[in-house]
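Beneath this line is the structure, given in structure tokens, with notes to follow.
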Amino acid sequence: MRYPKFISPGDAVGFAAPAFACATEPYFTAFNNSLTKWKEKGFRIKLGTNCYAEKGIGISNTPEKCAEELMEMMQDPKADCVISCGGGELMCEIVPYLDFDLLAKVPPKWFMGYSDNTNMTFLLTTLADTAAIYGPCAAAFGMEPWHPAVTDACDLLQGKKLTLHNYDKWEKESLKDEGHPLEPYHVTEAFRLHSKNAGAGTIFSGRLLGGCLDCLSNLAGTRFDKVKEFAAKYKEDGILWFLESCELNTMSIRRTLWNLREAGWFEGASGFLVGRPMIFDEPVMGLDQYEAVTGILGEMGVPILMDLDIGHTAPMMPLISGACGTVYAGENEVRIEMERR
């Protein structure tokens, strides 16, 4: 596994828009304030050509233009890392124009983003054997004040923090909107850990891999699906899956996990870390969000931790895709230690 160097003050933080850009509110103002925040911390800024673009369908520009910008930023020596401007809907369409063979050869640099950016964080790991960060997008760094999760992401990029803990509360309803673009996370709900095949004192480990289920299910079975080869290469570690969802309802989560299981993705899994879903359905036909997961993955006999701070329901723990993770489960707490090996 190739690990990029951590950044430090004086380095340049690059921004690209392979999915949505920061062209409209509240993202425009939040993004501009995030640039100010990074500068205040001593970093220089390198903007990609699409950061404020609004010319594409479900992404910032045409698939070709989005891929061109991302490839340029990942190779540009004037950018020491790349943070995605935002999530999106159709970033998958830029994937055929990305050269992962080339990205596997050039000096690695951190790419960070989540949601639709799974198309980069996941494939950069499985196709280019290069670690990436599943973490907040650019506009999150514009909030006032920073939530500890945002600070954690900044510290992770600098190598200051490789051990993460769950946060005490999470956001059920955001107050950020066009009139309040710098609003911080509105955390009101207490963290509640749910588990299967695990309890207080459970410790498990593996090589971290995953992302947004909406995107992962779309990649399965395509020519970009090299999950079995990746799992075979790191079979001694086992794969520690982190999974979350955006637009999937309870039934869709169940179907998606069934699809990935039957595609052989979860062979050799050492455990599952599952984030809170964006869509909270009432139980349907006796199926709730927990049974949607455990009914498919529970029979594997490995630990499953659910309702974690991963993904779309803020705050989110930034995770290094490709790193070796060790998970410590408590009564109502989770600690994840990451190693670059």
Side-chain angles (χ1 to χ4, degrees), residues 1-7 13-19 48 50 59 63 66-77 79-88 90-138 153 156-157 159 206-216 218-220 222-231 233-234 237 239-244 265 310-311 318-325 338 340-341:
M1 182 59 56
R2 303 191 322 149
Y3 293 97
K5 73 176 184 69
F6 292 118
I7 63 172
V13 179
F15 296 92
N50 294 323
I59 48 179
C66 287
E68 180 181 353
E69 178 202 42
L70 186 54
M71 288 297 299
E72 288 179 356
M73 291 295 287
M74 292 299 290
Q75 298 176 79
D76 190 343
D80 295 291
C81 72
V82 179
I83 301 176
S84 178
C85 283
L90 295 174
M91 186 178 165
C92 58
E93 294 186 4
I94 87 167
V95 171
Y97 303 101
L98 297 175
D99 189 342
F100 287 99
D101 289 335
L102 177 60
L103 292 176
K105 298 174 184 176
V106 299
K109 69 175 65 174
W110 291 114
F111 175 87
M112 182 166 71
Y114 80 110
S115 190
D116 212 18
N117 293 284
T118 297
N119 288 287
M120 182 63 169
T121 59
F122 184 78
L123 295 181
L124 196 58
T125 301
T126 56
L127 299 184
D129 212 36
T130 300
I133 299 176
Y134 196 73
C137 294
L156 177 56
L157 278 170
R207 197 162 290 270
L208 289 160
L209 184 67
C212 181
L213 281 169
D214 309 48
C215 302
L216 296 175
N218 196 49
L219 292 171
T222 68
R223 59 192 168 103
F224 308 104
D225 178 358
K226 301 297 180 184
V227 172
K228 289 184 178 180
E229 293 86 341
F230 182 85
K233 180 175 182 179
Y234 294 106
D237 300 318
I239 303 300
L240 178 53
W241 286 94
F242 61 91
L243 304 168
E244 55 104 9
W265 276 34
I310 299 173
L319 298 175
I320 300 177
S321 175
C324 289
M338 296 179 288
R340 296 179 299 154
R341 58 177 176 82

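Please read all numbers here as calculations on a predicted model, not as lab measurements.
In this structure, Ser84 contributes its side chain and Gly86 its backbone to a donor-acceptor pair below 3.5 Å. Of the possible donor and acceptor atoms, none in the side chain of Lys109 sits under 3.5 Å from a partner among the backbone N and O of Val82. Remark: the backbone N or O of Asp116 is paired with a side-chain donor or acceptor of Asn119 at under 3.5 angstrom. A distance-only check finds no donor-acceptor pair linking the side chain of Gln75 to the backbone of Val106 [under 3.5 Å]. Using modelled atom types, one side-chain atom of Tyr3 and one backbone atom of Gly322 make a donor-acceptor pair closer than 3.5 Å.
In terms of heavy-atom proximity, Leu216 sits nearest to Gly210 at CD1-C, 4.1 Å. Heavy atoms only, all atoms of each residue included: Leu102 and Asp99 are closest at N-OD1, 2.9 Å. Nearest heavy-atom pair, Trp265 versus Trp241, reported as atom, atom and distance to 0.1 Å: O-CZ2, 3.3 Å. Heavy-atom minimum distance, Ile59 versus Cys66: CD1-SG, 4.0 Å. For Gly113 against Thr121, the heavy-atom pair with the smallest separation is O-CG2, 3.8 Å. Closest non-hydrogen pair, Gly87 versus Cys137, comes out as N-SG, 4.0 Å.
To the nearest 0.5 Å, the span separating CG on Asn218 from CE on Met91 amounts to 12.5 Å. Note that CG of Leu124 and OG1 of Thr118 are 12.5 Å apart. Values are rounded to the nearest 0.5 Å. Going from atom CE of Met73 over to atom CG of Asn50 covers 10.5 Å, rounded to the nearest 0.5 Å. Summarising the geometry, atom CG belonging to Leu208 is positioned 7.0 Å from atom CE belonging to Met338; distances are rounded to the nearest 0.5 Å.
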| said: Using the rule given for side chain to side chain contact (heavy atoms under 4.5 Å, CB included), can you reason through Ile83 versus Leu157, listing the C-alpha separation, both sets of side-chain angles and the distance that settles it, and then say yes or no? | reply: CA-CA 10 Å; Ile83 301 176; Leu157 278 170; 4.1 Å; yes
| task | Give the C-alpha distance, both sets of side-chain angles, the deciding distance and a yes or no for side chain to side chain contact (heavy atoms under 4.5 Å, CB included) between Met112 and Asn117. | result | CA-CA 8 Å; Met112 182 166 71; Asn117 293 284; over 6 Å; no
| request: Apply side chain to side chain contact (heavy atoms under 4.5 Å, CB included) to Ile320 and Met1, showing your working. | output: CA-CA 11 Å; Ile320 300 177; Met1 182 59 56; over 6 Å; no
| field | Working for side chain to side chain donor-acceptor pair (under 3.5 Å), residues Ser321 and Thr125 | value | CA-CA 7 Å; Ser321 175; Thr125 301; 2.8 Å; yes
| said: Working note: Ile239 + Val227, criterion side chain to side chain contact (heavy atoms under 4.5 Å, CB included); need CA distance, chi angles, decisive distance, verdict. | reply: CA-CA 10 Å; Ile239 303 300; Val227 172; over 6 Å; no
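Qualifying salt bridge (charged side-chain N to carboxylate O under 4.0 Å, His left out) partners for Arg223, counting only residues two or more places apart in sequence or in other chains: none.
The side-chain hydrogen bond (donor to acceptor under 3.5 Å, both in side chains) analysis of residues 129-138, with sequence neighbours excluded, yields the pairs Arg2-Thr130, Asp129-Lys233, Asp129-Tyr234, Tyr134-Glu244. Within the structure, ring-ring contact (aromatic ring centres under 6.0 Å, His included) contacts touching residues 90-110 (residues at least two apart or in different chains) are Phe6-Trp110.
You'll find the side chain of Met74 stays beyond 4.5 Å of the side chain of Leu98, heavy atoms only. Side-chain contact check for Pro96 versus Phe224: some heavy-atom pair is nearer than 4.5 Å. Leu123 is not listed as a side-chain neighbour of Lys226, based on a closest heavy-atom distance of 4.5 Å or more. Taking 4.5 Å as the limit, some side-chain heavy atom of Lys5 sits within range of a side-chain heavy atom of Asp80. Within the 4.5 Å cutoff, no side-chain heavy atoms of Asp225 are placed close to those of Leu219.
The environment of NZ in Lys105 is sparse: at most 12 heavy-atom neighbours from other residues, nucleotides or ligands sit within 6.0 Å.
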